[in-house]
There are 2 protein chains.
Amino acid sequence: MRNTKQKTAIKEILERGGHLSAEEIYVLIKNKMKIDISTIYRNLNMMAENSEVEKITNPEGVAIYHIKSEHHGHLICRSCNAIFEIPCDLCEQLHTLSKDMSFVDTEHVVNIYGYCRNCKGEK
Amino acid sequence: MRNTKQKTAIKEILERGGHLSAEEIYVLIKNKMKIDISTIYRNLNMMAENSEVEKITNPEGVAIYHIKSEHHGHLICRSCNAIFEIPCDLCEQLHTLSKDMSFVDTEHVVNIYGYCRNCKGEK
DNA sequence: TTGCCTGCAAACGCTTTGCATGTTG
DNA sequence: CAACATGCAAAGCGTTTGCAGGCAA
């Protein structure tokens, strides 16, 4: 895997810690250098295969990327689409559940949907 | 919301208890009657708004529909894409977590990815 | 210099939408 | 009869892919 400035730019943005779509990353980078969104997808998918980043799907079906970190859950705001991380103390329980179903678990996702502190009033 | 045979057919299929994409529902119905896939999408989206069915997104980003039931989690097989339900005893904990973040939770999703009993050998 | 990476453009798959027609209540 | 649901076709959107040229090693 070769180093390019596009690749570096994508990593830098993700290392700020956000949860971003390819489109959002694209907008942030294209002001500063020439880049195509297909390059972003290609790099993100590679990084996901290398387990450098994690790919989740938001309620609208759009892929969201963020650097891989400790097991955690997501709070997803139905109003502004913000995603917050929450610590996940449930790993053991989920692993046990899987074993009960003779299922080999490689990963789990805990998503809580609702309204964040800023959007509470709206519904 | 008016009754039509297309609507009835969609409901009947979902009431068998599966987790299906619009395409899969379409294939099952079109052998028996004239139906267009847009009709299926329109009906599923209506039912989702009425909270009759639940809409989740599989790892490939495809919408999957199933009748709304007790809170539960999903075991999702990365090999054959089968989805199994698991009882969810975690509701209270998730609700507490949300409150700690001053987040108003309306719903949560617990997805465990891995390999089901049939596909275990493959990875 | 070699071969991986990029930009560009086109294709792809899932989902939605506009419109004329058919069906329900 | 009026309102709504349907089929059809086309558009929309996020994502992927083929290809020729460019750049890193």
Side-chain angles (χ1 to χ4, degrees), chain A residues 1-14 18-50 52-66 74 76 78 80-83 109 111, chain B residues 1-14 18-50 52-66 76 78 80-83 111:
Chain A
M1 199 163 167
R2 216 165 255 187
N3 276 346
T4 64
K5 48 181 159 57
Q6 290 84 351
K7 203 165 293 180
T8 309
I10 295 171
K11 277 189 190 170
E12 278 177 8
I13 286 181
L14 288 175
H19 294 69
L20 300 158
S21 67
E23 175 74 25
E24 288 166 333
I25 296 172
Y26 176 57
V27 170
L28 290 173
I29 298 181
K30 79 168 174 195
N31 299 327
K32 296 175 187 163
M33 70 177 66
K34 191 174 188 56
I35 194 168
D36 189 73
I37 197 161
S38 65
T39 301
I40 298 190
Y41 277 111
R42 272 190 279 237
N43 278 294
L44 289 172
N45 287 338
M46 279 181 166
M47 296 178 198
E49 279 176 20
N50 298 352
E52 295 174 59
V53 310
E54 213 166 308
K55 178 181 182 177
I56 60 174
T57 307
N58 79 8
E60 279 85 38
V62 176
I64 303 292
Y65 304 85
H66 61 96
H74 294 111
I76 305 176
R78 288 199 183 280
C80 68
N81 281 314
I83 299 181
V109 175
N111 291 333
Chain B
M1 198 162 166
R2 220 166 249 187
N3 276 346
T4 64
K5 49 183 159 58
Q6 290 85 349
K7 202 164 293 180
T8 309
I10 295 170
K11 278 189 189 167
E12 278 176 7
I13 286 180
L14 289 175
H19 294 70
L20 301 158
S21 66
E23 174 74 26
E24 288 167 333
I25 296 171
Y26 175 57
V27 170
L28 290 173
I29 297 180
K30 78 169 176 195
N31 299 327
K32 296 174 188 163
M33 71 177 67
K34 190 175 190 57
I35 193 167
D36 188 73
I37 197 161
S38 65
T39 301
I40 298 189
Y41 277 110
R42 271 190 281 238
N43 278 294
L44 289 172
N45 287 338
M46 280 182 165
M47 295 177 197
E49 280 174 19
N50 298 352
E52 294 174 60
V53 311
E54 213 166 309
K55 178 182 182 176
I56 61 173
T57 307
N58 79 8
E60 279 84 38
V62 176
I64 303 291
Y65 304 84
H66 62 96
I76 305 175
R78 287 199 183 280
C80 68
N81 282 313
I83 299 181
N111 291 334

Next on the checklist: Could you check whether any side-chain N or O of B:Asn50 sits under 3.5 Å from a backbone N or O of B:Glu52, counting only pairs where one atom can act as donor and the other as acceptor?
Outcome noted: no
Next on the checklist: Rounded to whole Å, how long is the line connecting atom CE of A:Met33 with atom P of D:dG22?
Outcome noted: 19 Å
Item to check | Pairwise 5' ranking along DNA chain C for B:Ala22 and B:Arg2, keeping only the more 5' one | outcome: B:Ala22
Checklist entry - Can you check whether A:Thr39 has a side-chain N or O nearer than 4.0 Å to OP1 or OP2 of C:dG7? => result yes
Checklist entry - Less than 4.5 Å apart, any side-chain heavy atom of A:Leu44 and any of A:Ile25? => result yes
Checklist outcome for this item: Of the listed C:dC5, C:dT16, D:dG7, the closest approach to the B:Lys55 side chain comes from C:dT16
Item to check | Interatomic distance where CD1 belongs to B:Ile64 and C1' belongs to C:dT15 [whole Å] | outcome: 13 Å
Checklist entry - Nearest-Å distance, OH (A:Tyr41) to C1' (C:dT6)? => result 17 Å
Checklist entry - What's the CG-C1' distance between A:Asn58 and D:dT15, to the nearest Å? => result 14 Å
Checklist entry - NA contact type, A:Gln6, heavy-atom cut-off 4.0 Å: base, sugar-phosphate, or nothing? => result sugar-phosphate
Item to check | Sub-4.5 Å side-chain heavy-atom contact between B:Asn45 and B:Lys55 | outcome: yes
Item to check | Presence of A:Lys34 side-chain N/O under 4.0 Å of C:dT6 phosphate oxygens OP1/OP2 | outcome: no
Checklist entry - Within the structure, does a side-chain N or O atom of A:Asn3 lie under 4.0 Å from either OP1 or OP2 of C:dC5? => result no
Checklist outcome for this item: Atom CZ of B:Arg42 and atom P of C:dC14 are separated, to the nearest Å, by 18 Å
Checklist entry - In whole Å, what is the span from the CD atom of B:Glu49 to the C1' atom of C:dT16? => result 13 Å
Checklist entry - When the ring planes of B:His19 and B:His66 are compared, do they come out parallel, tilted or perpendicular, using 30° and 60° as the limits? => result tilted
Next on the checklist: Regarding B:Ile37, tell me which of base, sugar-phosphate or nothing describes its non-hydrogen contacts under 4.0 Å with the strands shown.
Outcome noted: nothing
Next on the checklist: Once you apply a heavy-atom cut-off of 4.0 Å, does A:Ser21 come out as touching a base, just sugar-phosphate, or nothing?
Outcome noted: nothing
Next on the checklist: Side-chain N or O of B:Thr4 versus OP1/OP2 of D:dT6: is the shortest distance under 4.0 Å?
Outcome noted: yes
Next on the checklist: Before you tell me yes or no, could you show the steps for B:Tyr41 and B:Tyr65 under side-chain contact (heavy atoms from CB on, under 4.5 Å), namely the whole-Å CA-CA distance, both residues' side-chain angles and the distance that decides it to 0.1 Å?
Outcome noted: CA-CA 10 Å; B:Tyr41 277 110; B:Tyr65 304 84; 4.0 Å; yes
Item to check | Residue whose closest nucleotide on DNA chain C lies nearer the 5' end, B:Lys5 versus B:Ser38 | outcome: B:Ser38
Checklist outcome for this item: Between OH of A:Tyr26 and C1' of D:dT15 the distance, given in whole Å, is 14 Å
Checklist entry - When you check the phosphate oxygens OP1 and OP2 of C:dT15, does a side-chain N or O of B:Asn45 lie under 4.0 Å from one of them? => result no
Item to check | Between D:dC4 (P) and B:Asn43 (CG): distance, integer Å | outcome: 15 Å
